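Just below is one structure, and these are the notes that go with it.
Scope of the values below: all heavy atoms of this structure, side chains included, with no hydrogens, waters or symmetry mates. Nothing here was measured: the structure is a model prediction, and the numbers come from that model.
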Amino acid sequence: MVDDAYLNGYAQLCGANATLVYMSLCRHADRNQESFPSVELIARKVGVSRDSVMRGIKKLVEYNIVRKERSRKKNQQWLNNTYFL
C-alpha cells in the first residue's frame, strides 16, 4: 500500500524514478513494511535502468522515506538489501 503522505508531497520532491522505485518497494513489502526485491527486479518491473533504481533508492533514503540495511553472509560477502518503509 502506498502512503498518502508520499503521494501528496514527497513524490514531487523525489521525482518519477524514485516514485516508481517506492511503488515497487511497497508492492513487495510484507506485514512489517519490510521489502527486499533486488535492484535488477525493480528495474525490470518498472522499466528503468539499474542506475535509475539506485538513484531512486538514494533519493528515498535521503528524504527518510525508506531505511536501507545491507546483509552479509558469514564469509562477509554482501547478501541483499532490506528496505524498511
Side-chain angles (χ1 to χ4, degrees):
M1 184 177 253
V2 177
D3 190 295
D4 284 340
Y6 181 82
L7 291 176
N8 291 334
Y10 285 107
Q12 190 173 24
L13 290 172
C14 293
N17 284 339
T19 299
L20 289 171
V21 170
Y22 181 72
M23 292 172 74
S24 183
L25 292 174
C26 288
R27 184 180 185 289
H28 289 93
D30 63 13
R31 291 181 191 189
N32 299 316
Q33 296 298 297
E34 295 179 23
S35 184
F36 41 88
S38 68
V39 170
E40 290 79 12
L41 177 66
I42 296 170
R44 191 173 66 246
K45 293 284 186 175
V46 300
V48 298
S49 71
R50 185 178 189 281
D51 288 342
S52 292
V53 171
M54 294 185 60
R55 283 191 300 270
I57 291 168
K58 183 179 179 184
K59 184 75 73 169
L60 293 169
V61 170
E62 283 176 15
Y63 281 104
N64 294 315
I65 296 163
V66 300
R67 183 171 48 94
K68 178 175 99 171
E69 288 185 9
R70 298 182 78 184
S71 302
R72 288 185 185 252
K73 292 182 182 179
K74 289 182 182 179
N75 67 2
Q76 298 301 315
Q77 181 182 12
W78 289 112
L79 197 86
N80 67 316
N81 293 327
T82 302
Y83 305 96
F84 300 88
L85 306 176

Note: L25 and P37 closest approach over all heavy atoms is CD2-CG, 3.9 Å
F36: ring-ring contact (aromatic ring centres under 6.0 Å, His included) partners, not counting sequence neighbours = none
Any chance OH of Y10 has more than 12 other-residue heavy atoms, nucleotides or ligands included, within less than 6.0 Å?
-> no
Any V46 side-chain heavy atom under 4.5 Å of M23 side chain = no
Heavy atoms only: give me the nearest C14-Y6 pair and the separation to one decimal.
-> CB-OH, 3.6 Å
Should M54 and Y63 be counted in the same cluster of Ile, Leu, Val, Met, Phe, Trp and Tyr side chains packed under 4.5 Å apart?
-> yes
Please say whether more than 12 non-hydrogen atoms of neighbouring residues, nucleotides or ligands are located less than 6.0 Å from CD in Q12.
-> no
In the single-linkage hydrophobic clustering (I, L, V, M, F, W, Y; side-chain heavy atoms under 4.5 Å), do L41 and V48 co-cluster?
-> no
Would V61 end up clustered with L20 when hydrophobic side chains under 4.5 Å apart are linked, directly or stepwise?
-> yes
Kindly compute the distance separating OG1 (T19) from CD1 (I65), expressed to the nearest 0.5 Å.
-> 8.0 Å
Distance-minimising heavy-atom pair for A29 and L85 = CB-CD1, 3.7 Å
With no hydrogens and no angle check, is any side-chain donor or acceptor of N32 less than 3.5 Å from a backbone partner on E34?
-> no
Closest heavy-atom pair, V21 versus G56, reported as atoms and distance to 0.1 Å, is CG2-CA, 4.4 Å
If you look only at pairs with a residue in residues 51-60, which of them pass as a side chain to side chain donor-acceptor pair (under 3.5 Å), with sequence neighbours excluded?
-> S49-S52, S52-R55
Atom pair CD1/CG of I57 and N81 - distance to nearest 0.5 Å | 7.0 Å
Quick one: closest heavy-atom pair of A18 and L60, and the distance?
-> O-CD1, 3.7 Å
